[in-house]
There are 2 protein chains.
Amino acid sequence: MAASTLTEVARLAGVSPATASRVLNGSARKPGPDIADRVRQAADSLGYIPNAQAQGLAKSSSGLIGLIVHDIADPYFAAIARGVQEAAREQRKMVLLATTGGAPAEEKEAVAAFAARRADSIVIAGSRSSRPENLEDNAELAAELDRYCRNGGRVAVVGHPVVGATAEEGYHVVAVPNQELAAALAGKLASGWDGDFVIIGGPEGLFTSDDRVRGFQEGLAAAGRQPADILRTAFNRAGGYEAGLKLAGLIKERQAESGDAAGGTRLCIFAVNDVMAIGATAALRSQGLRIPRDAIIAGFDDIETLRDFRPALSTVRLPLEEIGRLATRATAPGALAAGGGPEGESRDAGTGGTEKGGAAVVQPHPITGEVTLRRSTETAA
Amino acid sequence: MAASTLTEVARLAGVSPATASRVLNGSARKPGPDIADRVRQAADSLGYIPNAQAQGLAKSSSGLIGLIVHDIADPYFAAIARGVQEAAREQRKMVLLATTGGAPAEEKEAVAAFAARRADSIVIAGSRSSRPENLEDNAELAAELDRYCRNGGRVAVVGHPVVGATAEEGYHVVAVPNQELAAALAGKLASGWDGDFVIIGGPEGLFTSDDRVRGFQEGLAAAGRQPADILRTAFNRAGGYEAGLKLAGLIKERQAESGDAAGGTRLCIFAVNDVMAIGATAALRSQGLRIPRDAIIAGFDDIETLRDFRPALSTVRLPLEEIGRLATRATAPGALAAGGGPEGESRDAGTGGTEKGGAAVVQPHPITGEVTLRRSTETAA
DNA sequence: ATGTAGTGGGAATGCGCTTTCCCAAACAGC
DNA sequence: GCTGTTTGGGAAAGCGCATTCCCACTACAT
């Protein structure tokens, strides 16, 4: 038995399919109450479930929101996904998930698949990259996105615009103040620390990583400090661990030189995200080093499940869930565009916000990432 | 400009829509190479993307897999989701995500929504519950699932069958040996510990929690120990924290009585999942207590991002990703059913595996959750 | 040369629904 | 009593595609 159809319901109720459609799915025209009841009863007794595919085909809109992440098991993306999910629910839409491992080629595939499904909007959450080996794929991704927008799709990308995407309509960017926040973090750290700094960064060309690195160096400079050395590695725990091992060697060397385990030679390590910071911590520990005795570590993102970690990471709180929500809302049909602060009832029904480099930019409620210095300097409990 | 259609492509290529369809989408009939080329070129130049909705409508199958979780930001579910995603990719399908917060009513909604979208299969990952207040909703969920199966849908549920679901076709259960593993954990803990045990459990009626509690008590009994007291609380970090506060009070009392901070009065706390264990740890710490000095803590799941936690949790490794994969594969059209061990080439093309209580049960490759006692008894590094 | 199988293409139908258009009835106004 | 206007329902035309059936044609065997 295949699921029952609207026609069957209509027949059972003794009305035309048109009428049945009108009562069962929100139409402007409301049939008479008696008829409506008959139809509803018929639908009920048949266990009628409308075929969303057919509906979508008929009114060319699917009620789908596509979400693209690197890895759904990464808590960073999981948090964003939760926000997207929530906003999707507000809009009575469902979310379609694609994980790409961060490869632009896969992202392009995902966009195409979403386009094929006629997703109403697409949220891209992974960090953009300008690495030369991705040049071509990035271009194709941009082209795919542009086409999608041209066909009426709406796109929100978290962080940075997709390199080369030039769509004028329906293309939104949720800015994340990585650089500013990293600078603030550096400032705070510098004010309570007179040793050297080291940065564990992701691969060069990864915007999120680059921004945080740049911001951190700026913050250091503003505090009158020397720029930090940079270790480049993978943007995940394994990368952090690897870098941590190297740093452990460095730290031991320095300690041997100064002949003293303590002293002003301690390093402050800034990993560009929490997961890398955790990896680095584990690596140091594996080499017999202790935090904060031998070094202190700071991260970025303030991942929820990592908050109970001890010694606590100094980190920057990013409202990831909110970011996901904002991105999703930005793509909603009647979305208000530029950041409405308390005063900002300046809603305009347009498709984008402030123009910036040809692309519409949503200025989120100034995403107030907070810098939280946890007791990374205390002894582990 | 709305996306171009197959008809347009056909016209541009100077062929009929039928032919265009045959070359662009894998049909059994392959048109001649010259024509195929013309069509492909036309499609390319128009940027043709097939309309998956229309395709789905025409061949009544959507290429969609529905995934139901409590909360995608919970690392437990995120890990499962990763597995599901992976298996979906193998099947060249996309995953549709629904989060329900664990409420059966919402789960029923989700199933209905998936059914409306004509999802090819549904994977339900949240723990089942038999709480009286959910009785009615559970029944409705079961009815919805049965209907979905009757209409040809395939369902896999992780852990326990949905109470009351009786579908005979396409209904799979991926068993998770919570009880056995909890018993093993209790045994291991008991062999290295002679103090008392306490269990922090989820709300009564939550199967996953109940199984783990029961298993743990069994393990204790097998080791000749007294049953542990049980604290019931929420199945998340907050619950763990709350219980941890209570236990902190208890521990302090006992320490006051014995007049000694150390000694055999230490408690071994078993939280039924890692996230709760982390919460409990944080609570103890907040009360000035230390692990393992004042108590030791064990969890369950071996959540990846929590592995670097120190002092390390004793925990049970559950192959969550694999579970997600298995569940998804179980719903694949040609899925082989009962657990094929190395010897087991006993594939049968049927829809289910061993019958058990009227429901088909997939016996996964004996899901070998390992019990890992981490150095929870060592001093925090 | 004739019949048969096989091949490659098009016409047409239907998937389940929405929506426009049309028509009949009921109602108002003068 | 008539026209003009609403109201409430049905008929029918798609939405974009897969697929079945049908037809023209070729290749081969007889």
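Chain naming here is simple, since letters A, B, ... match the order of the sequence lines and numbering starts at 1 in each.
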*Strand-adjacent residues in residues 109-116 of chain A, judged by heavy atoms under 4.0 Å from DNA chain D*: none
*Approximate separation, where rounding is to 0.5 Å, of E144(A) CD and K108(A) NZ*: 5.5 Å
*What residues, two or more places apart in sequence or in another chain, satisfy salt bridge (Lys or Arg N to Asp or Glu O under 4.0 Å) together with R89(B)?*
E106(A)
*Could one point to a donor on the side chain of R22(B) or the base of dG10(C) with an acceptor on the other under 3.5 Å away?*
yes
*Whole-Å distance between dT7(C) C1' and I35(B) CD1?*
12 Å
*asked:* Expressed as a whole number of angstroms, how long is the span from R117(B):CZ to dC15(C):P?
replied: 21 Å
*Would you mind telling me which residue lines up with the more 5' stretch of DNA chain C, L6(A) or D34(B), judged by nearest nucleotide?*
D34(B)
*Calculate the interatomic distance between R11(B) atom CZ and dG9(C) atom P; express it in whole Å.*
20 Å
*d(CG, N51(B); P, dG14(D)) in whole Å*: 18 Å
_For atom CG of L24(B) and atom P of dC17(D), their distance in whole Å_ = 9 Å
*asked:* Are the side chains of E107(A) and V162(A) in contact, using a 4.5 Å heavy-atom criterion?
replied: no
_Flag for T166(A)-D146(A): side-chain donor and acceptor within less than 3.5 Å_ = yes
*Looking only at side-chain atoms of T19(B), point me to the closest of dG9(C), dG16(C), dA12(C).*
dG9(C)
*Looking only at side-chain atoms of L57(B), point me to the closest of dC17(C), dG10(D), dG16(D).*
dG16(D)
*From the options dG10(C), dG16(D), dC17(C), select the nucleotide whose nearest atom is closest to the side chain of A58(A).*
dC17(C)
*Check for a donor-acceptor pair, side chain of S60(A) on one end and backbone N or O of L57(A) on the other, with a separation under 3.5 Å.*
no
Name the atoms and distances for all side-chain donor-acceptor pairs under 3.5 Å in residues 13-25 of chain B, with sequence neighbours left out.
unit_1: S16(B); atom_1: OG; unit_2: A18(B); atom_2: N; d: 3.3
unit_1: S16(B); atom_1: OG; unit_2: T19(B); atom_2: N; d: 3.2
unit_1: S16(B); atom_1: OG; unit_2: T19(B); atom_2: OG1; d: 3.3
unit_1: N25(B); atom_1: ND2; unit_2: Q55(B); atom_2: OE1; d: 2.4

_What contact category does P50(B) fall into here, base, sugar-phosphate, or nothing, at under 4.0 angstrom with non-hydrogen atoms?_
sugar-phosphate
_On the nucleotide dT18(C), are OP1 or OP2 found under 4.0 Å from the side-chain N or O atoms that S21(A) carries?_
yes
*asked:* With a 4.0 Å cutoff (strictly under), does any side-chain N or O of T5(B) reach OP1 or OP2 of dG16(D)?
replied: no
*Applying the side chain to side chain contact (heavy atoms under 4.5 Å, CB included) test to V158(A), which of I323(A), I124(A), I68(A), V173(A) qualifies?*
I323(A)
*Is any NZ, NE, NH1 or NH2 atom of the basic residue among R325(B) and E90(B) found under 4.0 Å from an Asp or Glu carboxylate oxygen of the other?*
no
*Could you tell me the separation between the NZ atom of K59(A) and the C1' atom of dG16(C), rounded to a whole number of Å?*
13 Å
*Return the nearest nucleotide to the side chain of Q55(A); candidates are dA12(D), dC17(D), dC17(C).*
dC17(C)
*Looking at S60(A), does any N or O in its side chain come under 4.0 Å of the phosphate oxygens OP1/OP2 on dC15(D)?*
no
*Rounded to whole angstrom units, what separation is found between the CG atom of L46(A) and the P atom of dC17(C)?*
12 Å
*Within the structure, does a side-chain N or O atom of N25(A) lie under 4.0 Å from either OP1 or OP2 of dC17(C)?*
no
